[in-house]
Enquirer: 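This structure is in structure tokens; I'll ask about it shortly.
Throughout, a chain's letter reflects where its sequence line sits, starting with A, and its residues are numbered from 1.
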Protein chains: 2
Amino acid sequence: MKTISKHLTDSGIKPSYQRIRILTYLMENKNHPTVEMIHKELVNEIPTLSKTTVYNTLKQFVEKGITQVINIEDNETRYDADISTHGHFKCLKCNKVYDFKFDNKNLEVSDIEDFDFFQTHLYIKGICKNCKYLLNIKN
Amino acid sequence: MKTISKHLTDSGIKPSYQRIRILTYLMENKNHPTVEMIHKELVNEIPTLSKTTVYNTLKQFVEKGITQVINIEDNETRYDADISTHGHFKCLKCNKVYDFKFDNKNLEVSDIEDFDFFQTHLYIKGICKNCKYLLNIKN
DNA sequence: TTATAATTTTGTAGCGATTTCAATAATGTA
DNA sequence: TACATTATTGAAATCGCTACAAAATTATAA
Ligand SMILES: [Mn+2]
Ligand SMILES: [Mn+2]
Ligand SMILES: [Zn+2]
Ligand SMILES: [Zn+2]
């Protein structure tokens with residue numbers, strides 16, 4: 001993956017084997033995985049991969065700005081290599097996290113007009129279309 | 001506090017002494033405290049209060065819908081007895097969490113039109129007005 | 001190439017937040 | 001009062017994450 005390697009060097013990160021594999025996983029699986037999920041998947045292909053490396057690597061990715069943290073639940077930290085401003089919907093039935101677009105520019109907020117905004121996170125919880133459909137069939 | 005007690009019974013929660021004190025703290029201090037902060041404050045007045053009780057009580061408050069969880073950072077779970085839909089701004093300088101209003105109705109989202117929304121959380125991180133002011137003075 | 005230095009990865013130990021669980025205390029009921 | 005139910009407590013266990021030092025890898029220079 002030449003592009004992945006370049007993405008890392010462009011961000012000031014040396015493209016080690018582990019870093020390339022972790023970033024590749026993040027870009028190919030847009031499922032907002034936890035450290036646990038990433039490690040569990042990659043350790044099949046890289047048996048020596050330690051969980052510490054996954055933690056270190058993601059921390060570095062976030063610091064260098066090529067990955068964002070998703071804090072939709074208090075007991076699971078998820079990661080997303082898509083750093084564009086977009087929302088996250090978590091289905092309380094199937095636990096899947098969906099991306100959605102929202103208009104950041106037209107977002108009307110009051111009380112904090114003179115504050116400087118660095119990051120905006122919009123999280124919605126509910127039931128996804130597929131789970132709604134499955135629930136209807138049952139009844 | 002008659003109203004606090006009624007608020008609990010109305011929500012199907014027996015108004016024990018500890019529960020009343022914890023809810024009172026949440027309603028009087030709108031600082032989005034952590035379990036640690038609540039316990040540290042209340043143990044002065046209730047020396048036997050255990051941290052487990054604070055955990056249990058908040059879990060119950062959230063389940064019964066009279067408190068919401070604020071997950072703006074991955075390493076601290078905060079609580080808010082104001083369950084109206086409003087946004088939270090965390091200042092990365094002074095760590096204060098501010099409330100702000102936003103227009104939930106006019107929020108334009110795409111890709112998840114047919115989903116059922118239960119909760120909407122809007123988190124913004126940045127620098128608050130006061131910290132901006134203090135930074136300007138220094139320079 | 002070889003020796004040496006710098007960086008990266010790894011595994012273990014430690015830490016802090018949260019949960020589990022059983023004993024104790026408080027409250028409700030007959 | 002006697003008994004049943006519920007709530008609180010504190011200790012131990014668990015879980016996610018970090019700190020740290022050894023081992024492995026990679027870069028640099030002789
Ligand atoms: Mn995403
Ligand atoms: Mn609030
Ligand atoms: Zn679903
Ligand atoms: Zn501030």
Enquirer: Where along residues 33-49 of chain B does a heavy atom come under 4.0 Å from DNA chain C, residue by residue in number order?
Expert: none
Enquirer: Could I get the full list of ring pair (Phe, Tyr, Trp, His ring centres under 6.0 Å) partners for Y55(B), not counting sequence neighbours?
Expert: none
Enquirer: Looking at residues 57-83 of chain B, who's got a heavy atom less than 4.0 Å off DNA chain D?
Expert: none
Enquirer: Show every side chain to side chain donor-acceptor pair (under 3.5 Å) that has at least one partner inside residues 92-102 of chain B, sequence neighbours left out.
Expert: H32(B)-D99(B), H86(B)-D99(B), H88(B)-D99(B)
Enquirer: Not counting sequence neighbours, which residues clear ring pair (Phe, Tyr, Trp, His ring centres under 6.0 Å) with F100(B)? List them please.
Expert: none
Enquirer: Quick one: salt bridge (Lys or Arg N to Asp or Glu O under 4.0 Å) pairs with a partner in residues 115-127 of chain A, sequence neighbours left out?
Expert: E73(A)-K125(A), D116(A)-K132(B)
Enquirer: Could you work out, with ring pair (Phe, Tyr, Trp, His ring centres under 6.0 Å) as the rule, every residue matching F61(B), not counting sequence neighbours?
Expert: none
Enquirer: Name all pairs fulfilling the side chain to side chain donor-acceptor pair (under 3.5 Å) condition that reach into residues 56-67 of chain B, sequence neighbours left out, sorted by first residue then second.
Expert: R19(B)-Q60(B)
Enquirer: Could you tell me which residues satisfy side-chain contact (heavy atoms from CB on, under 4.5 Å) with K40(A), sequence neighbours excluded, listed by chain and number?
Expert: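 Scan of K40(A) (side-chain contact (heavy atoms from CB on, under 4.5 Å), adjacent residues dropped) gives none.
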Enquirer: Just the endpoints, please: which first and last nucleotides of DNA chain C, 5' to 3', lie under 4.0 Å from a heavy atom of chain B?
Expert: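 Extent of the interface on DNA chain C: dA17(C) to dT20(C).
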Enquirer: Considering only residues two or more places apart or on different chains, which pairs with a residue in residues 78-87 of chain A satisfy salt bridge (Lys or Arg N to Asp or Glu O under 4.0 Å)?
Expert: E76(A)-R78(A)
Enquirer: Among residues at least two apart in sequence or on other chains, which ones pass side-chain contact (heavy atoms from CB on, under 4.5 Å) with E113(B)?
Expert: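 Partners of E113(B) by the side-chain contact (heavy atoms from CB on, under 4.5 Å) criterion, ordered by chain and then number, come out as S110(B).
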